[in-house]
*Asks:* 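If you scroll down you'll find the structure; I have some questions about it.
For the single chain, residues carry numbers from 1 onward in sequence order.
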Amino acid sequence: MAAAFAPLGAAMARHQPHFIATALAGLCLLSGCVTGAPRGQNLAGTLDTLVPAAMTATGARGVAIAVVSDGKVTLTKTYGVRNAAGDPLAPDTIMYGASLTKAAFGYFVMQLVDEGKLDLDTTIDHYLPQPLPSYDSESDANRYVPWAGLAEDGRWRKITPRMLLTHSAGFHNFAFLEPDGKLRIHFDPGERYAYSGAGILLLQFVLERGLGLDVGAEMQRRIFDPQGMTRTSLIWRTDFRPNLANGFGQDGQVEEHDERSKVRASGSMDTTIEDMGKLAAAYVRGDKLSPKARQEMVKGQLPISTKTQFPSLQTPLEQAPFPTLSAGLGVIAFNGPQGPGFYKGGHNDTTGNTWICLEAGRKCVVLLANDVRAEAAFPAIVQAVLGETGVPWAWEYGDMKFFRPSAAK
């Protein structure tokens with residue numbers, strides 16, 4: 001069985017999303033290739049068989065799962081270990097949220113839109129007290145991005161919050177990926193999708209320098225605390241240390257948890273599977289959002305026509321390989337056999353996370369893994385929980401062998 005999960009591609013460079021290409025036929029057989037979502041004890045039993053078998057096949061050391069149905073958390077499960085010492089992964093173990101942070105940030109931004117504090121289509125220069133490239137102090141560059149690289153390109157004045165949330169400002173993922181380390185605009189803002197953590201950091205910068213908000217404190221006050229997410233933060237807390245997950249890479253090597261000292265809306269969130277289940281439930285309920293704002297957040301805003309999500313600056317294909325795939329506001333929107341849904345992934349060399357929700361039945365599954373090898377099992381686990389969703393796994397993870405449930409019949 002293990003051979004069926006041998007990776008078909010090499011890991012991306014550090015700080016880049018990690019791609020795993022795997023053959024999923026064997027895991028489909030383990031999961032039974034169900035097309036509907038088991039419930040209650042049936043689902044728990046299914047996962048108790050499926051997930052350990054998947055971990056054995058992939059080599060993954062730790063996987064955590066939260067399930068939401070009708071806007072309520074109905075199941076939370078953890079499997080495996082949180083560190084090399086073999087301490088068990090628990091529902092309240094601190095894990096790295098990675099780019100799931102962006103989805104939480106989008107939720108916060110839509111609250112500001114609802115309150116009239118921010119307009120999605122007003123350009124960012126309207127909010128900043130001075131031109132963006134003039135913020136070139138060392139503290140700005142260390143916390144955010146060196147904006148001075150945009151001094152010779154006036155197109156930054158066309159950028160709006162909607163473009164930043166839909167990854168269409170024209171940036172690379174991060175400035176350090178540019179040959180000279182300077183942020184630049186590669187296409188007219190709003191033209192197309194190109195994943196960019198730098199764009200999310202720019203919106204954070206606009207909120208903090210333009211509106212005078214402390215994004216970390218505001219998200220704690222507005223989202224995490226009201227939902228009872230007591231072990232979630234965008235900045236490191238010392239009380240996290242006693243029950244902390246370290247990461248496992250593709251080669252099984254252990255990486256210590258990064259104690260992030262700066263709030264970064266692109267990916268600094270520490271959280272637990274218990275807390276992420278609560279956030280997913282709040283998302284589908286639309287807590288503290290008007291119905292209009294909640295719908296705007298998760299609907300498709302900008303069609304996506306690249307073969308895969310990474311590398312960021314791909315040339316769009318004339319015919320979109322996933323026709324229903326679009327950028328939402330902090331999430332990715334899609335339409336599948338059960339209707340519309342949205343999802344968000346989060347990766348680094350030792351972390352694999354995904355979060356999928358279906359509008360029908362207000363159903364979600366959240367998967368947090370402190371071992372990037374677990375990503376190979378995500379499609380089968382999600383299918384076991386939600387049935388066939390239509391999530392574009394090949395776009396998210398690259399070229400993988402995916403055995404569709406219908407193929408088993």
*Asks:* Quick one: do Met297 and Val113 satisfy side chain to side chain contact (heavy atoms under 4.5 Å, CB included)? Show the steps, please.
*Replies:* CA-CA 11 Å; Met297 179 172 64; Val113 172; over 6 Å; no

*Asks:* Given side chains that start at C-beta, do those of Ile356 and Phe334 come closer than 4.5 Å, heavy atoms only?
*Replies:* yes

*Asks:* Stepwise, does the ring-ring contact (aromatic ring centres under 6.0 Å, His included) test hold for Tyr195 with Phe310?
*Replies:* CA-CA 8 Å; Tyr195 191 92; Phe310 297 100; 4.9 Å; yes

*Asks:* When Phe171 is tested against each of Leu164, Leu313, Leu177 for side chain to side chain contact (heavy atoms under 4.5 Å, CB included), which residue passes?
*Replies:* Leu164

*Asks:* For a salt bridge (Lys or Arg N to Asp or Glu O under 4.0 Å) check, start with the C-alpha distance between Arg237 and Asp270, then their side-chain angles and the critical distance, and finish with the verdict.
*Replies:* CA-CA 9 Å; Arg237 287 172 21 193; Asp270 283 321; over 6 Å; no

*Asks:* Look up atom NZ in Lys278 and atom OG1 in Thr76, then write down how far apart they are to the nearest 0.5 Å.
*Replies:* 9.0 Å

*Asks:* Between Phe187 and Arg192, is there a cation-pi geometry (under 6.0 Å to ring centre, at most 45° from the normal)?
*Replies:* yes

*Asks:* If we only count heavy atoms from C-beta on, is the Tyr107 to Asp287 side-chain gap below 4.5 Å?
*Replies:* yes

*Asks:* State the CD-CE distance between Gln204 and Met219, to the nearest 0.5 angstrom.
*Replies:* 9.0 Å

*Asks:* Answer yes if the ring centres of Phe342 and Tyr283 are under 6.0 angstrom apart, and no otherwise.
*Replies:* yes

*Asks:* Check whether any side-chain heavy atom of Leu201 lies under 4.5 Å from a side-chain heavy atom of Phe174, and answer yes or no.
*Replies:* yes

*Asks:* Using 0.5 Å steps for rounding, measure from the CD1 atom of Ile332 to the NZ atom of Lys344.
*Replies:* 7.0 Å

*Asks:* State whether a side-chain donor-acceptor pair under 3.5 Å links Trp236 with Ser268.
*Replies:* no

*Asks:* Should Glu191 and Pro316 count as side-chain neighbours, where that means a heavy-atom distance under 4.5 Å?
*Replies:* no

*Asks:* Quick one: do Arg294 and Val284 satisfy side chain to side chain contact (heavy atoms under 4.5 Å, CB included)? Show the steps, please.
*Replies:* CA-CA 8 Å; Arg294 193 268 169 193; Val284 293; 4.1 Å; yes

*Asks:* Hey, does the side chain of Tyr96 reach the backbone of Asn353 with a donor-acceptor pair shorter than 3.5 angstrom?
*Replies:* no

*Asks:* Give the C-alpha distance, both sets of side-chain angles, the deciding distance and a yes or no for side chain to side chain contact (heavy atoms under 4.5 Å, CB included) between Phe205 and Leu128.
*Replies:* CA-CA 9 Å; Phe205 185 80; Leu128 292 173; 4.0 Å; yes

*Asks:* Is it the case that more than 12 heavy atoms not belonging to Lys307 sit under 6.0 Å from its NZ atom?
*Replies:* no

*Asks:* Can we say Asp153 and Arg155 salt-bridge, meaning some charged N sits less than 4.0 Å from an Asp/Glu carboxylate O?
*Replies:* yes

*Asks:* Taking side chain as C-beta onward, heavy atoms only, is Glu218 less than 4.5 Å from Ile223?
*Replies:* no

*Asks:* If the threshold is 4.0 Å, N to carboxylate O, is there a salt bridge linking Arg61 and Asp371?
*Replies:* no

*Asks:* Measuring from Lys288:NZ to Arg222:CZ, what's the distance to the nearest 0.5 Å?
*Replies:* 8.5 Å

*Asks:* Given the rule in the side chain to side chain contact (heavy atoms under 4.5 Å, CB included) test, do Ile94 and Arg82 qualify, once you have shown the distances and angles that lead to the verdict?
*Replies:* CA-CA 9 Å; Ile94 296 297; Arg82 65 179 177 88; over 6 Å; no

*Asks:* Just verifying a value: how many Å separate Thr271 OG1 and Phe240 CZ, rounded to the nearest 0.5 Å?
*Replies:* 8.0 Å

*Asks:* I'd like to know if Arg162 and Glu296 make a salt bridge, using a cut-off of under 4.0 Å between side-chain N and carboxylate O.
*Replies:* yes

*Asks:* Between His126 and Asp119, is any side-chain donor less than 3.5 angstrom from a side-chain acceptor?
*Replies:* no

*Asks:* Any salt bridge between Asp70 and Lys72, counting N to O under 4.0 Å?
*Replies:* no

*Asks:* So with a 6.0 Å cut-off around CD of Gln319, is the heavy-atom count from everything else above 12?
*Replies:* no

*Asks:* Between OG1 of Thr350 and CZ of Arg373, what distance do you get to the nearest 0.5 Å?
*Replies:* 11.0 Å

*Asks:* Taking everything shown except Glu152 itself, do over 12 heavy atoms lie less than 6.0 Å from its CD?
*Replies:* no

*Asks:* Start with the C-alpha distance between Asp125 and Arg157, add both sets of side-chain angles, then the distance that settles salt bridge (Lys or Arg N to Asp or Glu O under 4.0 Å), and finish with yes or no.
*Replies:* CA-CA 6 Å; Asp125 66 327; Arg157 295 183 182 274; 3.7 Å; yes

